[in-house]
Amino acid sequence: MEKHDRRGSGGSGAGTIQPTARDIYSEVQRGAAFREVRRRYRRFAFPAAAGFLLWYLAYVVTAIAAPGLMARQVAGALNVAMLAGLAQFATTFLLTWAYARHARLHRDPAALELRWAVTLETRQDPAPVPGSAPGLPPARRAGLPALRRRGER
């Protein structure tokens with residue numbers, strides 16, 4: 001049985017049954033837009049995590065199984081094991097940068113749209129704010145300048 005928030009008398013919501021935040025969140029979670037955001041996340045995160053884990057395990061297994069290879073000198077006191085260990089750090093930073101870039105370009109815009117839609121649906125004040133337009137973030141509704149994406153003027 002679904003729970004609903006019954007608005008009391010007065011205001012434009014008198015006598016109507018309003019969905020609760022839980023209902024709204026459940027509906028959004030079942031929606032195509034939410035599934036698309038999750039799909040985009042999984043398409044990047046799972047292969048990236050698997051690739052990094054394989055790279056890390058290859059380093060550990062090679063250090064155990066082929067100590068002669070890992071001890072081979074490359075330049076001065078620098079050997080293959082030290083280069084591979086430093087490459088682990090470089091790979092970590094590269095993967096972090098790639099994740100942040102992927103999120104910013106492929107997931108954040110869609111996730112923010114969902115967030116604003118849910119915020120508007122779940123807000124407690126049923127009366128519209130004077131001068132507001134539905135679907136706009138609060139900063140835009142308050143007349144503040146909108147944030148621009150990089151490269152936009």
Side-chain angles (χ1 to χ4, degrees), residues 1-5 18-126 128-153:
M1 185 161 118
E2 293 183 21
K3 293 182 181 178
H4 293 284
D5 176 28
Q18 298 292 326
T20 63
R22 183 177 184 170
D23 297 334
I24 293 168
Y25 286 120
S26 294
E27 183 180 333
V28 168
Q29 192 174 11
R30 289 188 303 267
F34 183 81
R35 286 195 312 266
E36 178 64 20
V37 170
R38 294 294 298 169
R39 184 186 67 80
R40 289 178 184 179
Y41 167 76
R42 288 181 183 131
R43 276 185 49 195
F44 180 86
F46 290 166
F52 187 79
L53 184 61
L54 286 173
W55 160 230
Y56 175 75
L57 290 175
Y59 173 72
V60 172
V61 168
T62 305
I64 293 169
L69 171 67
M70 296 298 265
R72 186 173 294 158
Q73 297 296 318
V74 175
L78 193 63
N79 62 18
V80 173
M82 290 177 74
L83 279 179
L86 291 172
Q88 290 284 323
F89 284 104
T91 305
T92 302
F93 289 114
L94 180 67
L95 188 58
T96 302
W97 171 82
Y99 177 83
R101 183 177 186 276
H102 181 270
R104 180 174 33 97
L105 295 177
H106 300 287
R107 289 192 325 268
D108 288 352
L112 284 173
E113 285 181 29
L114 278 173
R115 181 178 180 186
W116 286 123
V118 169
T119 299
L120 291 174
E121 290 279 332
T122 59
R123 71 180 184 193
Q124 296 297 316
D125 180 19
V129 177
S132 70
L136 290 179
R140 290 287 302 270
R141 282 187 272 151
L144 298 175
L147 296 176
R148 295 186 186 121
R149 292 185 183 176
R150 280 189 191 159
E152 286 185 354
R153 296 205 177 234

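- Evaluation of the side chain to side chain contact (heavy atoms under 4.5 Å, CB included) rule for A63 yields M70 as partners, not counting sequence neighbours.
- Note on residues 65-82: no pairs pass side chain to side chain donor-acceptor pair (under 3.5 Å), not counting sequence neighbours.
- Of all heavy-atom pairs spanning A48 and L95, the tightest one is CB-CD1, 3.6 Å.
- The distance from the OH atom of Y59 to the CD1 atom of I64 is 11.0 Å, given to the nearest 0.5 Å.
- If you check the side chains of D23 and T20, you find a donor sitting under 3.5 Å from an acceptor.
- Ring geometry for H102 versus F44: interplanar angle under 30°, hence parallel rather than tilted (30 to 60°).
- Not counting sequence neighbours, the partners of T91 by the side-chain hydrogen bond (donor to acceptor under 3.5 Å, both in side chains) test are W55.
- Crowding of F34 atom CZ: a count of heavy atoms from other residues, nucleotides or ligands under 6.0 Å exceeding 12.
- Shortest non-hydrogen contact noted between R104 and D108 is CA-OD2, 3.4 Å.
- Applying the salt bridge (charged side-chain N to carboxylate O under 4.0 Å, His left out) test to pairs two or more places apart or on separate chains, those with a residue in residues 39-50 are E36-R39, E36-R40.
- For Y56, the side chain to side chain contact (heavy atoms under 4.5 Å, CB included) partners at least two apart in sequence or on another chain are V60, Q88.
- Among residues two or more places apart in sequence or in another chain, the side chain to side chain contact (heavy atoms under 4.5 Å, CB included) test is passed with L86 by none.
- If you take NE2 on H106 and CZ on R101, they are separated by 6.5 Å, rounding to the nearest 0.5 Å.
- The two residues A103 and P109 come nearest to each other via the heavy atoms O-CD, 4.4 Å.
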